[in-house]
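Report on one structure; see the data block that follows.
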Amino acid sequence: MKALLVVDIQNDFCPGGALAVSGGDEIVPIVNKLMDHFDAIILTQDWHPAGHLSFASSHKEKNPYDTTDMAYGTQVLWPEHCIQGTNGAEFHPELHSDKAQVIIRKGFRKEIDSYSTFFENDQKTTTGLKGYLNQRGITELYTVGLATDFCVKWSVLDGIDEGFTMHIVKDAVRGIDLDGSLDAAWKEMEAKGAIITTSEAILG
Ligand code: VGL
Ligand code: ZN
């Protein structure tokens, strides 16, 4: 069985949002069309408590896009975004979020950020997605959403490690690009065995 994994298409990652990804909203109509071609639809939602330690504002003398050392390694510090219950954390209003069978929320523990849909950034704490996929007999995931070089990338890399066939739909993702991170992300995903495809190839 094949599932569409829709990563973080939330207001804060779209133009006008707190951590806007350039062109983030352009993928919404494509993702909506893709939804009809899959056995299962999984949405992820970045879902931080106020004062989350991935926010620059939670650290003295740090600015957005600086880095800091966390218990689990280096962490980029972000503008405050996707705070639980706020409009910024809602899905883009035009995304057909009603079609989702499951929503995986991540980043809800104050001390750990979570880019991947499989593991939080300590690379140990699981989100439960693997168990869900296994129990539903889903072996292939087609990944779309935001941002290519953070949550999409880590989801794809971890999905491969967890034994899934991971596809990434090139025209249905957009990136942040900090110091060349976007180019590096494509190379890493490809090197690890991610299958790069297009919406046209799926929609026919
Ligand atoms: C993301 C930075 C912080 C993402 C989430 O969805 O790629 N990036 N939180
Ligand atoms: Zn976040």
Side-chain angles (χ1 to χ4, degrees), residues 4-28 31 42-59 62-68 70 72-92 95 97 100 103-123 125 127 129 141 143-159 166 168-170 172-186 188-189 194:
L4 186 66
L5 179 64
V6 182
V7 178
D8 297 359
I9 305 188
Q10 294 165 260
N11 290 328
D12 271 343
F13 295 123
C14 290
L19 178 40
V21 180
S22 167
D25 55 341
E26 294 166 7
I27 64 174
V28 172
V31 172
I42 299 157
L43 301 191
T44 79
Q45 192 172 25
D46 212 38
W47 194 248
H48 299 307
H52 193 257
L53 291 189
S54 75
F55 299 162
S57 57
S58 303
H59 303 262
K62 290 284 188 184
N63 292 309
Y65 311 105
D66 288 349
T67 56
T68 193
M70 302 280 247
Y72 50 80
T74 306
Q75 165 76 44
V76 179
L77 295 173
W78 303 105
E80 294 183 11
H81 65 278
C82 297
I83 296 177
Q84 296 170 4
T86 63
N87 180 62
E90 293 300 312
F91 294 113
H92 186 287
L95 181 71
S97 51
I103 298 172
I104 301 279
R105 287 178 166 163
K106 57 189 183 55
F108 51 76
R109 291 180 180 85
K110 196 171 177 178
E111 302 75 26
I112 320 184
D113 204 5
S114 186
Y115 295 149
S116 162
T117 315
F118 290 92
F119 291 102
E120 302 198 12
N121 288 9
D122 62 2
Q123 289 285 304
T125 308
T127 61
L129 180 61
L141 289 177
T143 317
V144 296
L146 309 170
T148 316
D149 36 351
F150 290 91
C151 291
V152 170
K153 177 186 93 169
W154 284 105
S155 297
V156 168
L157 298 180
D158 283 350
M166 298 301 294
I168 172 164
V169 187
K170 191 162 73 172
V173 292
R174 291 289 187 279
I176 295 174
D177 203 15
L178 295 181
D179 299 322
S181 60
L182 188 53
D183 219 42
W186 282 111
E188 265 178 273
M189 290 189 284

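Counting convention: from 1, in listed order, for ligands and their atoms alike.
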Parallel, tilted or perpendicular, as decided by the 30° and 60° cut-offs, for the rings of His81 and Phe13: tilted

Neighbour count >12 (heavy atoms, 6.0 Å) for atom CH2, Trp78: yes

Derivation and outcome, side chain to side chain contact (heavy atoms under 4.5 Å, CB included), residues Phe55 and Ile83: CA-CA 11 Å; Phe55 299 162; Ile83 296 177; 4.0 Å; yes

His81 near the Zn ion (ligand 2) via N/O/S, less than 2.8 Å: yes

Option among Thr44, Asp158, Thr117 that satisfies the side-chain contact (heavy atoms from CB on, under 4.5 Å) test with Leu129: Thr117

Partner of Asp46 under side-chain hydrogen bond (donor to acceptor under 3.5 Å, both in side chains), chosen from Lys106, Gln84, Gln10, Arg105: Lys106

N, O or S from Asp46 under 2.8 Å to the Zn ion (ligand 2): yes

Give a table of atom pairs where an N or O of ligand 1 lies under 3.5 Å from a protein N or O.
residue	atom	partner	partner atom	Å
ligand 1	6 (O)	Asp8	OD2	2.6
ligand 1	6 (O)	Leu146	O	3.4
ligand 1	7 (O)	Ala147	N	3.1
ligand 1	7 (O)	Cys151	N	3.0
ligand 1	9 (N)	Asp46	OD2	3.1
ligand 1	9 (N)	His81	NE2	3.1

Lys62 atom NZ, neighbour heavy-atom count above 12 within 6.0 Å: yes

His48 near the Zn ion (ligand 2): N/O/S under 2.8 Å: yes

Stepwise side chain to side chain contact (heavy atoms under 4.5 Å, CB included) test for Cys14 and Leu146: CA-CA 9 Å; Cys14 290; Leu146 309 170; 4.3 Å; yes

